[in-house]
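Every heavy atom of this structure was used, including side-chain atoms; hydrogens, water molecules and symmetry mates were not. Remember, it's 1-based here, ligands and their atoms both numbered in the order they're listed. What you see is a predicted model; the values in this text were computed from it and never measured.
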Amino acid sequence: MNFIPLMSPNITEADINAAVEVLRSGMLVQGANVVALERRAAEYLGVKHAVAVSNGTATLHLALVALGIGTGDEVIVPAFSYVATANVVEIVGAKCVFVDVEADTFNVDVSRIEAAITPRTKAIMPVHEFGLACDIEEIMTIARRHDLPVIEDAACALGATENKRFTGSFGAVGSFSFHPRKAITSGEGGLLTTNDDRLADQFRVLRNHGIETGGDGKMNFIAAGFNYRLTDFQAALVLSQFARLEQIIETRNELARTYLENLRPEKNISLPRVPANKRHTWQTFHTIVADDFDRDSLIAELKEKGIGTNYGAQCIPFQTFYREKYRLDCATLFPNALRAFQKGLALPMFDKMSASDARRVCETLRQIVGTEKLSAASDF
Ligand SMILES: *Cc1c(COP(=O)(O)O)cnc(C)c1O
């Protein structure tokens, strides 16, 4: 029986040819394809500016630097996400203020945000986890009330919507990743979005050593910038996949429907909730297994049976660095984030996967966990 991996990027011959064409041209870094990718992304998302950079973590870092966030400042971040979301806050010398997530969407629990705001809060950085928009309109309302910028970490949510509006188009800044774990990929790559002309200028200057090119074509070094440029062959690679994005999202929604239908009767697995006003892009299909199960043994057993699974994301304040620095009692403060980290199980999801693959995943999973003796996964 063939092995069904957790994920597998779908790079077509056309994608490869697009990248190779750039390699043959000799124009390797930040050329016409970067410009074309930025134009395409801005048009698709309905934002004024898109700025391509070297990876998703770089986008978040640039956002914080451009907003002037640093030592002594606080940034509100969800307790459950990929660690990069919090790492960038640490890198600029600011403090993470963690907020627990919802048990069934894995997105930040909006009702807990206002209590986390202090006079030192400088930004709210919500995550659209696993390809599902968080309650971004509500977050924008809170942010406006407190005059705070919102940085949307939409790294895994390109194409996700709330009330038909795209993630990454609500906040002061939107941030995307093109890592192979995301729907479309350049290997490494990232993209910032904003409607603010001044911020867009800063992103462009800061990604390229702080260089501003004047009308006379002369370079002027106006900031201590970074080298966060994207190569042009990476831009060509991801731009070629952009044409398939809607199809990829549709395929993933079909696979998710197969999972939801076939796993629904299984009381030892809790399934993700999708609010009706949102389009999920299913970067990850994330379930929670009942407390009785040792999730890591389950991953090993599934692997033996030909199915690749993994945990989905981290309870960040529970990771060594954050645990030692912040010393927060995660079980009390972030019970949903901790449970999602310890009992979360991400199932295979990639656009070359077939419905019968998804059914096989469900059957195997139910064979392993479908024991009457075990207590039910707690109700959401
Ligand atoms: C993938 C991801 C990142 C980091 O993106 P990279 O391109 O790997 O640097 C940040 N935040 C979230 C939520 C992610 O899923």
Using modelled atom types only, decide if a donor and an acceptor are shared between the side chain of Asn208 and the backbone of Val205 within a distance under 3.5 Å. no
Heavy atoms only: which of Lys182, Gln283, His179 lies closest to atom 1 (C) of ligand 1? Lys182
Are any non-hydrogen side-chain atoms of Glu90 and Tyr322 less than 4.5 angstrom apart? yes
Distance to 0.1 Å, residue and atom name: give those for the protein heavy atom nearest to atom 11 (N) of ligand 1. Asp153 OD2, 2.8 Å
Are any of the N/O atoms on Ser177, whether in the backbone or the side chain, positioned under 3.5 angstrom from an N/O atom of ligand 1? yes
If you count the atoms of ligand 1 from 1 in the order shown, which ones are under 4.0 Å from a heavy atom of Ala155? 2 (C), 3 (C), 10 (C), 11 (N), 12 (C), 14 (C), 15 (O)
Using a 4.0 Å cutoff against the non-hydrogen atoms of Thr85, which atoms of ligand 1 qualify? 11 (N)
Given the rule in the ring pair (Phe, Tyr, Trp, His ring centres under 6.0 Å) test, do Phe80 and Phe341 qualify, once you have shown the distances and angles that lead to the verdict? CA-CA 8 Å; Phe80 182 72; Phe341 172 60; 7.8 Å; no
Any atoms of ligand 1 less than 4.0 Å from a non-hydrogen atom of Val127? List them with their elements. 13 (C)
Honestly, is Arg207 close enough over Phe226, meaning NZ or CZ under 6.0 Å from the six-membered ring centre and within 45° of the axis? no
Going by ring-ring contact (aromatic ring centres under 6.0 Å, His included), name the pairs with one or both residues in residues 155-202, residues two or more places apart or in two chains. Tyr44-Phe166
Would you say the side-chain atoms of Ser25 pair up with the backbone N or O of Met27, donor to acceptor, closer than 3.5 Å? yes
How does Thr57 reach ligand 1, if at all, at less than 4.0 Å between non-hydrogen atoms: by side chain, backbone, both, or neither? both
Ligand 1 atoms nearer than 4.0 angstrom to some heavy atom of Ser81 are 13 (C)
Counting from 1 in the order shown, the ligand 1 atoms closer than 4.0 Å to a non-hydrogen atom of Gly56 are 5 (O), 6 (P), 7 (O), 9 (O)
Over all heavy atoms of both residues, which pair between Pro348 and Tyr259 is shortest? Give the atoms and the distance, please. O-OH, 2.7 Å
